[in-house]
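Okay, so here's the structure we're looking at.
Note that the numbering runs from 1 along the sequence shown for the chain. These values consider heavy atoms only, across backbone and side chains, with no hydrogens, waters or symmetry-generated copies.
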Amino acid sequence: DLNPAGSRGQHLGMGAAAVWKNDIEIDMEKFGASPTNTAAQNDAALVLARAHLITRTTRTVRGVLRFSEGIYDFGAAWPEIVESGLTVKGNGQYTTFLRFSSLSSNQITVSAAYVKFENLGINSLGTRTGGYGVYCTASANRSFIMRDVAFDSAYSSVYIGGGTNSIFLL
């Protein structure tokens, strides 16, 4: 089940790359995501998990969506990420893949602060003709972190809006 998180989080680092002790980590498979699912089933699991996080997180308790190894199919794009402090994490950039059906739209749009992507691959079902793998709007005017993320079939991997002031690509 979910990690029990207290009502007070403890900051364990400095700046945007900080780690939060009491992150609520959600195993996406427990919410119905699976490498054997259709895109529609994984889309529904994502919506359910994010809704659960929104009701359980605070400024000091951050949310982590963890995907196990495998290729997770999704529809054209994820719903826009508006939850500050959200981390999307896999088990490795060449073992966990988020795969999208659209070949021309932005796959993941971020308009929140302190969003992280770690240890996963982002790709499409074919050769992309437009759009971005991850699109950060100008309103995402805080830090944005990508660590060990591989893009495959991306026309353009990442767009960083003009208001983003700290970008970490590790």
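Counting only distance, with no hydrogens or angles, the side chain of S157 and the backbone of F151 share no donor-acceptor pair below 3.5 Å. No donor-acceptor pair under 3.5 Å is formed between the side chain of N106 and the backbone N or O of Y135.
With sequence neighbours left out, D43 forms a salt bridge (charged side-chain N to carboxylate O under 4.0 Å, His left out) with no residue at all. Residues meeting the side-chain hydrogen bond (donor to acceptor under 3.5 Å, both in side chains) test with S34, sequence neighbours left out: T36. Residues meeting the ring pair (Phe, Tyr, Trp, His ring centres under 6.0 Å) test with Y72, sequence neighbours left out: F67. Looking at residues two or more places apart in sequence or on another chain, you find no side-chain hydrogen bond (donor to acceptor under 3.5 Å, both in side chains) involving S101. Scanning for side-chain hydrogen bond (donor to acceptor under 3.5 Å, both in side chains) contacts around T95 gives an empty result, with sequence neighbours left out.
Taken to the nearest 0.5 Å, the CG atom of L65 stands 7.5 Å off from the CZ atom of R50. We find the NZ-NZ distance between K116 and K89 to be 6.5 Å, quoted to the nearest 0.5 Å. Rounded to the nearest 0.5 angstrom, E69 CD and L120 CG are separated by 12.5 Å.
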Test side-chain contact (heavy atoms from CB on, under 4.5 Å) on I24 and V64; report intermediate values, then the result.
CA-CA 6 Å; I24 294 174; V64 178; over 6 Å; no
Stepwise side-chain contact (heavy atoms from CB on, under 4.5 Å) check, F117 with L86
CA-CA 9 Å; F117 293 88; L86 180 69; over 6 Å; no
side-chain contact (heavy atoms from CB on, under 4.5 Å) assessment of F100 paired with L125
CA-CA 6 Å; F100 295 87; L125 288 171; over 6 Å; no
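Contact annotation: the side chain of I122 approaches that of I108 to within less than 4.5 Å [non-hydrogen atoms, C-beta and beyond]. Taking 4.5 Å as the limit, some side-chain heavy atom of V110 sits within range of a side-chain heavy atom of V134. Looking at heavy atoms from C-beta onward, Y132 lies out of side-chain contact with Q107 at the 4.5 angstrom threshold. Side-chain contact between V115 and C136 is absent, with no heavy atoms from C-beta onward closer than 4.5 Å. P79 places a side-chain heavy atom less than 4.5 Å from the side chain of V47.
The two residues G70 and P35 come nearest to each other via the heavy atoms CA-CG, 3.9 Å. The minimum heavy-atom distance between N42 and A33, with the atom names listed, is OD1-CA, 3.2 Å. Shown here for G75 and A39, the closest heavy-atom pair between the two residues is N-CB, 3.6 Å.
Under the 4.5 Å side-chain heavy-atom criterion for ILVMFWY residues, a single connected hydrophobic cluster contains both L53 and W78. Taking hydrophobic clusters as Ile, Leu, Val, Met, Phe, Trp and Tyr residues chained together by side-chain heavy-atom distances below 4.5 Å, V88 shares a cluster with M146. No continuous path of ILVMFWY side-chain contacts below 4.5 Å connects F97 to M28, so the two sit in separate hydrophobic clusters. A chain of hydrophobic side-chain contacts below 4.5 Å, direct or via other Ile, Leu, Val, Met, Phe, Trp or Tyr residues, connects I26 to I81.
Note on residues 95-105: pairs passing salt bridge (charged side-chain N to carboxylate O under 4.0 Å, His left out), not counting sequence neighbours, are D73-R99.
Under the 3.5 Å distance criterion, with hydrogens and angles disregarded, no donor-acceptor pair is assigned to the side chains of T87 and E118. The closest side-chain donor-acceptor pair between T109 and E80, if any, does not fall under 3.5 angstrom.
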